[in-house]
Amino acid sequence: MVLAEETQCGCILKDTPQTVLLEQMIDQYGSRVLKLAYYYVRNYSDAEDIMQEVFLRVYQNMHSFRGESACFTWIYRITVNLCKDYLLRQGRRQTVPLVCDTCGESLPEQERMFEAAEGGEVFSAVMELPLKYRTVIALYYFDEMPVKEIANALKVSECNVRARLSRGRKLLKEALSAKGMSI
Amino acid sequence: MNEKRLEEWLHKGKTESEAFFSHSDLNALKQKILQSAANGHSSESSIVLLPKRKVRRSFWYRAGAAAAGMLLCATLLLTVVNRQPDCPDNPVSGMTQQPIQLDDSGKDYQVSFFPVEIPQSEPSIMSVLWTTDLDGQSEMLYTSLFESCNELYPVSTIALPGASSRFVLLTSGDSARGFIHYRLIGYAAGTITTLWSQDYVPDGKLGVQDNMLIEQRSSDKTQTQVSYILPYHVVDTATVSLPVEHLQLHVGDLVIFVGDSEEPLFDISAQTGMMRRVENGSDLYGEERGVAFVASGSGSDLLSLSKEKSPEAGHLTLDILQ
């Protein structure tokens, strides 16, 4: 297997064994994938399972990687698709809304307490936002992803991302005010 | 509202996020992944219901940015179509083309596929739907980029009863990497509408049966999701044409109604509740359009389409199996 020469990230080298490449990709992107999975599913062990599945898929198909931006966008999209399938399966197993736009209300109490205790007030307030707002807020403010990268990863337009950021900020202000945090 | 204060809170949230995720044992996760990979974790190739063919890559041109690529495709396309229709020396080798019938007007419609290279991205396929008028002038109606793929599937058209125009299904993918992309587009009164669009459908399989799409995807080896995508057409202001009147499916399957209108014209209700509506459908596979129901229990149900002045606009009976 021969890959394109590395240009930017130091992770894609010619004639590098696949397992070494996989390890490099996990080192480089693993944390971000895990976070994105958590933003979707809000369950730590499930997020870890999704992360493992993502990189196993990456391993199976890594022969076609060319450059860092395409590589990461592709990994993110696999993550998003796996998360959405997970949410659909959750909807079939539980008598709760299939799609987690109201995930804040349907998350088990124990996990919400864990999130509030371990994450803090602002983090848990962001996680309580509807799915499509909390993902962009978390990716933009917590992971410091540019709008363009978020748009590519979630496969929406940049305008859509900015609109969601704007709406998400308004909802977050209301949520923080309701918690008694001064704005 | 104090934006500066919100920014401060969000900065605090970033710190909290870092603390929250600091509990992750990424090294242990990495070792598990590497172990699974070394043990030969593999996936089955996608088995697509439609026959496929490779895009010939004997000719490449660099299209620059995606917008520049579309412009170049259009320019080359116009160069080709302004020649005699049976001209053998097509200057754009590598292009695949298929005539289709979109309506009963007698106009000549074609779908062309060009392999394109976009900087900092993988080889992709640009699809172009175009037509020529009686004067031989060509008009581009629709374009769509299929990223990172090299396989094409025949273009399918769907004609609903009572509809003067048709729906078009464009599909591409990469079976080695196990995904497909597809677009379901509607054509009416000279206007193209994208009814349903999906990319990177994992282990995706797609077929057309009884004028509806049946999509299957699998995010892991034990769970598959089947979706029945039903395009509907408004025959008049009060009646809707569906591809089928009866559907047999299994618990967990999805039924998704997609119409050729900017807004859903109809209320859709389930009689027994076995079919449960998916709320906030925009989170369903990232699509804004479409009204989706999930088969939540075995039995029978009746989905009724209605609107204010027409309570009996359309019906779909369903038998749901375990």
Side-chain angles (χ1 to χ4, degrees), chain A residues 18-19 22-23 26-27 30-31 34-35 38 48 51-53 55-57 59-61 64 66-67 69-70 74 77-78 80-82 84-86 88-89 91-92 97-102 115 118-123 125-126 131-132 138 141-142 144 154-156 169 172-173 176 181-183, chain B residues 1-3 5-7 9-21 23-24 26 29-30 32-34 36-38 41-43 120-122 147-148 174 176-179 199-202 217-220 223 225 251-252 254 276-286 292 294 296:
Chain A
Q18 269 189 279
T19 49
L22 177 64
E23 188 171 355
I26 296 171
D27 288 337
S31 173
L34 179 63
K35 288 178 183 178
Y38 185 86
E48 290 180 340
M51 175 201 162
Q52 291 179 62
E53 182 61 30
F55 283 103
L56 286 173
R57 282 179 178 255
Y59 176 72
Q60 293 162 22
N61 300 299
S64 55
R66 289 283 180 96
S69 59
W74 189 56
R77 284 185 179 173
I78 294 173
V80 169
N81 284 336
L82 288 175
K84 287 181 175 177
D85 290 342
Y86 166 89
L88 278 173
R89 289 200 303 275
R92 287 204 299 275
L98 183 66
V99 179
C100 266
D101 197 60
T102 54
E115 200 170 72
E118 295 294 323
E121 293 172 305
V122 180
F123 178 79
V126 171
L131 174 64
K132 66 179 181 180
Y141 288 103
F142 298 166
E144 296 183 329
L154 302 184
K155 215 173 72 65
V156 296
R169 287 165 61 93
L172 185 60
K173 282 182 202 171
L176 293 176
M181 296 162 75
S182 63
I183 296 289
Chain B
M1 285 285 186
N2 190 328
E3 289 296 324
R5 189 77 178 109
L6 179 62
E7 292 289 328
W9 282 122
L10 284 165
H11 184 75
K12 179 175 184 290
K14 181 177 183 310
T15 307
E16 291 173 354
S17 168
E18 288 165 359
F20 183 81
F21 289 107
H23 298 108
S24 314
L26 285 174
L29 286 171
K30 180 172 74 174
K32 284 172 76 174
I33 295 168
L34 293 174
S36 295
H41 180 101
S42 62
S43 64
Q120 298 182 355
S121 184
E122 297 171 334
E147 291 184 6
S148 308
D174 187 324
R177 288 160 62 182
F179 61 80
D199 290 279
Y200 297 107
V201 179
R217 65 176 67 199
S218 173
S219 59
D220 60 39
Q223 296 275 357
Q225 174 69 60
V251 173
L254 289 168
R276 192 177 69 220
R277 183 161 181 157
V278 176
E279 299 298 336
N280 300 107
S282 60
D283 287 325
L284 184 67
Y285 302 145
V294 61
S296 62

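Hydrogens, waters and symmetry mates are skipped; everything else that's a heavy atom, side chains included, is used. Chain letters run A, B, ... following the sequence lines, proteins first and then strands; every chain starts at 1.
- Between A:D85 and B:P202 the shortest heavy-atom distance is OD2-CG, 3.9 Å.
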Evaluate A:W74 against B:F179 for side chain to side chain contact (heavy atoms under 4.5 Å, CB included), listing each step before the verdict. CA-CA 12 Å; A:W74 189 56; B:F179 61 80; 4.2 Å; yes
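- When all heavy atoms of B:S24 and A:L34 are compared, the pair lying nearest together is OG-CD2, 3.3 Å.
- To the nearest 0.5 Å, atoms CZ (B:R5) and NZ (A:K173) are separated by 13.0 Å.
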Show the numbers, then the answer: is there a side chain to side chain contact (heavy atoms under 4.5 Å, CB included) between B:L29 and A:I26? CA-CA 9 Å; B:L29 286 171; A:I26 296 171; over 6 Å; no
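- Every salt bridge (Lys or Arg N to Asp or Glu O under 4.0 Å) that B:K30 has, sequence neighbours left out, goes to A:E23, A:D27.
- Between B:E147 and A:R77 a salt bridge is recorded (basic side-chain N to carboxylate O distance below 4.0 Å).
- Using a distance-only test at 3.5 Å, with no hydrogens or angles considered, a donor-acceptor pair links the side chain of A:N81 to the main chain of B:Y200.
- Looking at A:Y141 and B:K14, their side chains never come closer than 4.5 Å, going by heavy atoms from C-beta outward.
- Within the 4.5 Å cutoff, the side chain of B:T15 has no heavy atoms near those of the A:V122 side chain.
- For the pair A:L56 and B:S36, the tightest heavy-atom approach, listed with the atom from each and the gap, is CD2-CB, 3.7 Å.
- Applying the side chain to side chain donor-acceptor pair (under 3.5 Å) criterion to B:K12, with sequence neighbours excluded, gives B:E16.
- The shortest non-hydrogen separation linking B:G13 to A:F142 is C-CE2, 3.3 Å.
- Between B:E18 and A:K35 there is no salt bridge, since none of the side-chain N atoms of the basic residue sits less than 4.0 Å from a carboxylate O of the acidic one.
- For B:L26, the part lying under 4.5 angstrom from a heavy atom of chain A is the side chain only.
- The shortest side-chain heavy-atom distance between A:R169 and B:L10 falls under the 4.5 Å cut-off.
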